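Quick notes on the structure that follows.
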There are 2 protein chains.
Amino acid sequence: MIRQNPARRAALLDAAIEVLAREGARGLTFRAVDAQAAVPGGTTSNYFANRDGLLTQAGARIYEHLTPDAPTMAASLTGPRDRKRVAGLMHDLVGRIAGYRTGYLALLELRLEATRRPGLRAVLTEQIKANIDENVAYHLESGLPGDASAVLLLYLAMSWLIVEQLTLPDVFTETQLQELVELAVARLIPETEE
Amino acid sequence: MIRQNPARRAALLDAAIEVLAREGARGLTFRAVDAQAAVPGGTTSNYFANRDGLLTQAGARIYEHLTPDAPTMAASLTGPRDRKRVAGLMHDLVGRIAGYRTGYLALLELRLEATRRPGLRAVLTEQIKANIDENVAYHLESGLPGDASAVLLLYLAMSWLIVEQLTLPDVFTETQLQELVELAVARLIPETEE
DNA sequence: TTGACACCACTCCAGATGTAGTACTACGTT
DNA sequence: AACGTAGTACTACATCTGGAGTGGTGTCAA
């Protein structure tokens, strides 16, 4: 019989995300989740019918953590609306990801796993589309410089920069990383006239 | 005793790359490689001392396939040296990757695996650095418009575009994909004066 | 004849799964 | 207050799966 306790279910999903990042998609076993969550063996079996349920629910869960919290969002609505501001936001973004390394790595693992699981692929596709749309809409509404295309291109460049940094941190030095962020903004966002 | 036959070793590595793409890093077992290469069980055990050797050698091998062949390189040295040319090359790049889906997915799997294996990480880091340097040098020498920074930013954007397309093909439509390539070139490469 | 290799077969081992069985807790009933 | 019940937590078990490695034999070529 499937257990319902929502607190425990959430804890198991968080544990699953940790396992995903540390052991990879294939390493995500029911028993590994049990161990990570420090619950008795067999517990995860009682909460999820199969691996597919576990993976898709974990995919959904990551986005609950990945969305920046309210204060951050509010703060980003204050201050000047110029190119320098955008650069600041991009630096924040890259920094924030580094702070949630686990979640982002798990997301990459899930992307690859989605190659083999149509259900997971559908869930991720929807969430990422929504995420992109949100970013674009937010940018435009906030009056920051740069059109939708510029935001998309920034999204592409920053995404790969983050992957590079998370998986092979020695390809770019910390300095190069910062420079690339600056550079991307400088080339993609138009200068604001005073 | 470790076998030496280089043709067979190469065949095994290519099989390993297939398995990586299809089953993921964790699915890469000696037996799976045997099956993929259609050789008797136990063969891969005889050619590689351990999984680490198999993974790092596979990582090295991918780049042998990934480098564009001589005719392509030669062809890219002919023709005009303008922005439109760069766009054409970028379309080629994205298309070529789609044609070697297996190899690129395997490379992503290896990147994630590199998170856990210092040896593999070192190998990949070197190869990717070299690859980037080559690209930049080639671009500059060939007289195409755009400085080193522009090439780097193009590299970032194209890389993620490819990942997006390989893992979640429904996030961008085929049309959007082409537009994003055009857009990236248009914003990152300066117009050439006649 | 010798050395390297292909192929086959067998044993051993580790890890994962799902569930039966038992104990505990909370809550509602009488 | 005693009781019954539902939902869980926890333990332990029986089973299953697949992979690893290796020894042995046959083959080919130098």
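All values reported here derive from a predicted model rather than from experimental measurement. Numbered from 1 within each chain, the chains take letters A, B, ... in sequence-line order. Computed over heavy atoms, backbone and side chain alike; hydrogens, waters and symmetry mates excluded.
- Applying the salt bridge (charged side-chain N to carboxylate O under 4.0 Å, His left out) rule to pairs touching residues 137-161 of chain B yields A/Arg187-B/Asp147, sequence neighbours excluded.
- Taking the side chain as every heavy atom from C-beta outward, B/Leu144 and B/Val151 never approach each other to under 4.5 Å.
- For D/dG21, the OP1/OP2 oxygens have no side-chain nitrogen or oxygen of B/Tyr47 closer than 4.0 Å.
- The backbone N or O of B/Ala25 sits less than 3.5 Å from a side-chain atom of B/Glu109, completing a donor-acceptor pair.
- Across the protein-nucleic acid pair, A/Arg51 atom CZ and C/dG15 atom P stand 17 Å apart, rounded to whole Å.
- Atom CZ in A/Arg26 sits roughly 12 Å away from atom P in C/dT17 (whole-Å rounding).
- The shortest distance between side-chain heavy atoms of A/Ile189 and A/Asp82 does not fall below 4.5 Å.
- Here the C1' atom of nucleotide D/dG21 and the CZ atom of B/Phe30 are 10 Å apart, to the nearest Å.
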Distances under 3.5 Å between protein N/O atoms and the N/O atoms of nucleotides 26-30 of chain D, please, pair by pair.
none

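- In terms of position along DNA chain C, the nucleotide closest to B/Ile2 lies nearer the 5' end than the nucleotide closest to the other residue of the pair A/Thr29 and B/Ile2.
- Less than 4.0 Å separates DNA chain D from at least one heavy atom of each of the following residues of residues 4-13 of chain A: A/Gln4, A/Asn5, A/Arg8.
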Donor-acceptor contacts under 3.5 Å from residues 127-140 of chain A side chains, at least two apart:
from, atom 1, to, atom 2, distance (Å)
A/Tyr138, OH, A/Ser76, OG, 2.2
A/His139, NE2, A/Pro145, O, 2.9

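- C/dA16 atom P lies 17 Å from atom CG of A/Asn50, rounded to whole Å.
- Between A/Tyr155 and B/Trp160, the two ring planes are perpendicular [angle over 60°; tilted spans 30° to 60°].
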Side-chain donor/acceptor pairs under 3.5 Å, residues 39-47 of chain A, sequence neighbours excluded:
from, atom 1, to, atom 2, distance (Å)
A/Thr43, OG1, A/Pro40, O, 2.6
A/Thr44, OG1, A/Asp34, OD1, 2.4
A/Asn46, ND2, A/Gly42, O, 3.4

Quiz item: What string of B, S and - do you get for nucleotides 19-24 of chain C, 5' to 3', when a contact is any protein heavy atom under 4.0 Å?
Solution: B-----
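- Residues B/Arg116 and A/Arg22 form no side-chain contact, since every pair of their non-hydrogen atoms from C-beta on lies 4.5 Å or further apart.
- Hydrophobic clustering (side-chain heavy atoms under 4.5 Å, transitive across Ile, Leu, Val, Met, Phe, Trp, Tyr) groups A/Ile162 together with B/Leu161.
- For the pair B/Met90 and B/Glu182, the minimum side-chain heavy-atom distance is 4.5 Å or more.
- Taken together through direct or relayed side-chain contacts under 4.5 Å among Ile, Leu, Val, Met, Phe, Trp and Tyr, B/Leu89 and B/Met158 form part of one hydrophobic cluster.
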